[in-house]
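First comes the structure, then the notes that go with it.
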Amino acid sequence: MSRLFGNWKTREIVVAAVLAVACGVIFWAWGLLWTAVFEPLVPFPIHYALVGIWMMGGLLVAYVVRRPGAALLGELVAAFVSMAMGNQWGFLTMASGLVQGVGSELVFALARWRRFTGLVFYAAAGVAGAFSIVLDTFVWSYYAVYSWSSVLVAGILSVLSSLVLGGVVSQIMAKALVQTGVLSGLEISRQKAERV
């Protein structure tokens, strides 16, 4: 744990916490939409094209703070906030947050926490989505209910959604925050704006 959070500055911790809580509120609202609109109207496996929003906690926080452990912290805090506000999945929300955060963090760790942009960033998004569908497949027994080809389609859609709704949206949000000046002093504000 000291390897992950040992060099964090107080400002980085505060910014990470605020962003993660905001993502948790987004997760909670997306969960309401999921139950009221997506689940009844969009069948399995197509609804997995909409799950990428739930990867934002780890991706946005890591993209902004750019420290070891940022992706894991972002996903866990966001998942906790979503669960605490009251969602339909209860404690399983924390399992999803853990798995998605570990998926992203693993990619950033393979890059030795030196790159949080470009190919590494989108690989982290894709792996988070892949880890998510693996968890769902076993938690919700998809293997017993659906064909493996349907589960594979769900997996592909989960990864693609994570790239777009998780990755691209996180970058757009982060760059908008940079423009306001609220992220001054952080690594992201010292880098030139990158193309999405």
Side-chain angles (χ1 to χ4, degrees), residues 1-31 51-85 93-94 96-129 131-132 161-196:
M1 280 307 231
S2 63
R3 167 83 170 129
L4 287 181
F5 302 106
N7 297 322
W8 284 50
K9 297 174 183 158
T10 303
R11 180 167 169 72
E12 292 168 337
I13 294 168
V14 171
V15 168
V18 169
L19 289 175
V21 169
C23 285
V25 174
I26 292 169
F27 287 6
W28 171 77
W30 199 250
V51 300
I53 287 292
W54 285 305
M55 311 308 146
M56 276 180 45
L59 296 170
L60 178 61
V61 172
Y63 190 73
V64 169
V65 176
R66 302 186 182 193
R67 289 286 191 177
L72 183 58
L73 176 75
E75 275 296 329
L76 286 174
V77 171
F80 179 79
V81 169
S82 173
M83 178 187 71
M85 290 181 73
T93 306
M94 293 303 296
S96 290
L98 176 64
V99 166
Q100 292 158 7
V102 166
S104 293
E105 199 68 50
L106 178 62
V107 175
F108 294 129
L110 290 172
R112 303 185 70 163
W113 293 291
R114 292 193 179 121
R115 290 194 48 79
F116 289 88
T117 59
L119 181 61
V120 171
F121 180 77
Y122 284 102
V127 171
F131 277 34
S132 180
S161 179
S162 298
L163 294 172
V164 178
L165 294 179
V168 173
V169 172
S170 291
Q171 282 194 323
I172 290 169
M173 289 175 66
K175 288 173 186 180
L177 288 170
V178 167
Q179 296 300 319
T180 68
V182 298
L183 301 179
S184 61
L186 296 177
E187 184 65 27
I188 189 172
S189 67
R190 292 190 286 268
Q191 311 246 337
K192 289 182 178 178
E194 302 154 63
R195 293 183 181 177
V196 176

Could you report the tightest heavy-atom contact between V182 and R11, atom names first, then the distance? O-NH2, 2.7 Å
Euclidean distance, Y122 OH relative to S162 OG, rounded to 0.5 Å: 12.0 Å
What residues form a side-chain contact (heavy atoms from CB on, under 4.5 Å) with L183, not counting sequence neighbours? V15, V64, L177, V178, L186, I188
Between R115 and V120 the two heavy atoms that sit nearest each other are O-CG1, 3.2 Å
Side-chain touch V169/V164, heavy atoms, less than 4.5 angstrom: no
S132 to V99 - nearest heavy-atom pair and separation: N-CG1, 4.1 Å
Is the closest side-chain heavy-atom distance between V168 and L163 below 4.5 Å? no
Closest heavy-atom pair, E12 versus K9, reported as atoms and distance to 0.1 Å, is OE1-N, 2.8 Å
Side chain to side chain contact (heavy atoms under 4.5 Å, CB included) between M94 and F80, worked out: CA-CA 6 Å; M94 293 303 296; F80 179 79; 3.7 Å; yes
Could you tell me if the side chain of Q100 sits less than 4.5 Å from the side chain of F131, heavy atoms only? no
Taking the six-membered ring for Trp, are F108 and F121 parallel (under 30°), tilted (30 to 60°) or perpendicular (over 60°)? tilted
Under the rule for side-chain contact (heavy atoms from CB on, under 4.5 Å), what residues qualify as partners of A78, not counting sequence neighbours? C23, F27
For A16, give me all partners under side-chain contact (heavy atoms from CB on, under 4.5 Å), at least two apart in sequence or on another chain. W8, V61, V65, L73
Should Y63 and K175 count as side-chain neighbours, where that means a heavy-atom distance under 4.5 Å? yes
Checking E187 side chain against R66 main chain: does a donor-acceptor pair fall under 3.5 Å? no
Looking only at non-hydrogen atoms, find the nearest pair between G97 and A79 and report the distance. CA-CB, 3.9 Å
So, the side chain of S170 versus the backbone of G166: is there a donor-acceptor pair under 3.5 Å, distance only? yes
Is the shortest heavy-atom distance from the side chain of S104 to the side chain of E75 under 4.5 Å? no
Mind listing the closest non-hydrogen atom pair of M85 and V25 along with its distance? SD-CG2, 4.0 Å
